[in-house]
Amino acid sequence: MGRRRRTSFHFLLMVSVVVKKTTPAKVVIAGGGVMGCSTAYCLAKNHGISSVVVDRVGVAAAASGRAGGFLARSWNDGAPTQELTHRSFELHAELGEELKAFAESGSTDYRRLTCEAVSVASGGRPSNAKLKNVDWVDLGALGSQHMGNESGIAQVHPRKFCDALMRGATELAGSKTRVARATGLRTEGNKVTGLVVDDGEVIEADAVVVALGPWSHVVGRPPTETQCDTKGWGVDAMPPVVGTKYHAVLLQSPRVLSQAVFFQGMGDPEVYPRPDGEVYVTGFPERAAIVEDLPGETKVLDEVCDRLISTIDQVSTELRGARVNGKQACHLPAAPDGVPLIGAIPGLDGAFAATGHGCWGILLSPATGEAMADLIATGTATKVDLSAFDPARYEGPRSFF
């Protein structure tokens, strides 16, 4: 990306700096979603460092509490996130057991699944024969393709996952949550010294992590602009972040299903069944845009949710007329190039970003949190190469700001 290759002298100098890095005594994380919670947990578990997680609503108030929690090990192969995905999938399996000690219900609902892609046509007519490997789709099915078995497909309940991570961070290292609106960084020269919150108070910090999901765009805005009732933070080096709005409905199945389905046709909805019999149905995304809804106040459109329900009624006798447990919507964050932002924000010592993971936020959160915790505590991430996610890579115009 235009960077010169380091000489051996520069490399030795870099190693020396890493070794001598002072572990931050005060870490503040702006954003109580899955990236913030995962970073807090890994700081506590792996380094014994407590943190303060600041969110204007609370833990998992937006997409991290409304996502599907679908996990796939190999679906990002060949993409910049391949290594991050593999590491995260492994960590999810470990955390499935580890977090039982911190989950309020004794579980984050982690389990392995199978997955099928099913082509469907509208009309809801019964298929002439049951499709091979397809569990609960029996209306309008034209064909199917196997997408994965239990070795590479899993799921977790996002809200339970976030709650357990934060509870673990609290019990392991005394980390805290603070309900407040983050409004800026306090700096001395090029060094971050604290996070400013909406009452003007400064929470002292040696390191601040920006994990604001689709609201991270406010960080790079100039202070003269206001968006989502918050003035820009004026951090020019922070890349812009947009959000893609998805709706979802929660249906109650008469039995526990164990097969996720990605439909092809009828709007291409996605269905993730949960171990308590609840079925998460999502689809019909809007165009990516700067998010104007406030966190926790994303408007839910009944017509979109009703369309999702109607689609399921037309493809499954078993789920037709199922009780609706809830309707919801959220925004999935993304950087302009679609690649997550993970690492130090250039030009500000002690400022970090962990956002822009798109539809794979829950999946990629464990390895992101692990890498961020290592980066903050030791100056380097050893499990995953973060070079592809460096916030400094983006130098394009902020025209959609």
Side-chain angles (χ1 to χ4, degrees), residues 67-94 96 109-158 246 248-251 253-285 308 311-320 322 332 357-364 366-367:
F70 179 78
L71 314 173
R73 185 184 188 279
S74 63
W75 288 23
N76 289 328
D77 285 2
T81 52
Q82 175 177 318
E83 183 186 12
L84 190 71
T85 298
H86 290 182
R87 177 61 181 163
S88 275
F89 194 82
E90 295 170 2
L91 287 173
H92 267 294
E94 296 175 12
D109 289 353
Y110 174 85
R111 67 169 180 161
R112 298 298 180 106
L113 296 172
T114 63
C115 182
E116 295 288 322
V118 178
S119 298
V120 291
S122 61
R125 291 176 295 178
S127 303
N128 293 328
K130 188 177 187 300
L131 295 177
K132 184 180 179 181
N133 298 324
V134 177
D135 181 16
W136 51 268
V137 179
D138 62 344
L139 299 175
L142 303 176
S144 67
Q145 179 181 353
H146 187 57
M147 300 295 288
N149 58 27
E150 291 88 345
S151 66
I153 302 294
Q155 72 174 163
V156 69
H157 193 293
Y246 277 81
V249 293
L250 305 175
L251 307 178
S253 171
R255 67 181 176 98
V256 175
L257 306 177
S258 299
Q259 184 179 82
V261 172
F262 285 68
F263 286 101
Q264 297 173 349
M266 299 180 67
D268 301 341
E270 303 168 10
V271 181
Y272 315 129
R274 290 173 169 168
D276 61 356
E278 190 168 78
V279 178
Y280 181 100
V281 184
T282 187
F284 311 133
L308 287 168
T311 300
I312 296 303
D313 284 346
Q314 295 179 65
V315 299
S316 176
T317 302
E318 199 164 355
L319 293 179
R320 177 179 285 176
L332 306 183
H357 294 68
C359 64
W360 294 114
I362 303 300
L363 168 64
L364 299 177

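These numbers come from the heavy atoms of this one structure, side chains and all, not from hydrogens, waters or symmetry mates.
- Between the side chain of H92 and the backbone N or O of L363, at least one donor-acceptor pair lies under 3.5 Å.
- Evaluation of the salt bridge (charged side-chain N to carboxylate O under 4.0 Å, His left out) test over residues 257-275, restricted to residues two or more places apart or in two chains, returns R274-E278.
- Residues V120 and A141 come closest through the heavy atom pair CG1-CA, 4.2 Å.
- In this structure, H157 and D276 have side chains that are not in contact, with every pair of non-hydrogen atoms separated by 4.5 Å or more.
- For the side-chain hydrogen bond (donor to acceptor under 3.5 Å, both in side chains) test, no residue two or more places apart in sequence or in another chain qualifies with Q82.
- Here the closest non-hydrogen pair linking F70 and A260 is CE1-CB, 3.9 Å.
- Counting only heavy atoms from C-beta outward, the side chains of E150 and L113 never approach each other to under 4.5 Å.
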* Asked: Given N76 and W360, is the side chain to side chain contact (heavy atoms under 4.5 Å, CB included) satisfied, shown in steps?
  -> CA-CA 9 Å; N76 289 328; W360 294 114; 3.3 Å; yes
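- You'll find the side chain of W75 stays beyond 4.5 Å of the side chain of T85, heavy atoms only.
- Between the side chain of Q155 and the backbone N or O of P273, at least one donor-acceptor pair lies under 3.5 Å.
- Across all non-hydrogen atoms, the minimal contact from A117 to M147 is N-CG, 3.4 Å.
- Y110 and G96 get closest at one heavy-atom pair: CB-CA, 3.9 Å.
- Between the OG1 atom in T114 and the CG atom in N133 there is a gap of 8.0 Å [rounded to 0.5 Å].
- In this structure, T282 OG1 and L332 CG are separated by 8.0 Å, a value rounded to the nearest 0.5 Å.
- The closest donor-acceptor contact from the side chain of S88 to the backbone of L364 lies under 3.5 Å.
- For the atom pair CZ of R255 and OG of S258, the computed distance is 8.0 Å after rounding to the nearest 0.5 Å.
- Counting all heavy atoms, side chain and backbone alike, S316 lies closest to D138 at CA-OD1, 3.4 Å.
- Once rounded to the nearest 0.5 Å, the distance linking CG of L71 with CZ of R112 reads 9.0 Å.
- Nearest heavy-atom pair across Q259 and W136 is O-NE1, 3.1 Å.
- The salt bridge (charged side-chain N to carboxylate O under 4.0 Å, His left out) search around E116 returns none, not counting sequence neighbours.
- By the 30° and 60° cut-offs, the orientation of the rings of Y280 relative to Y272 is parallel.
- A side-chain N or O of D77 and one of H86 form a donor-acceptor pair less than 3.5 Å apart.
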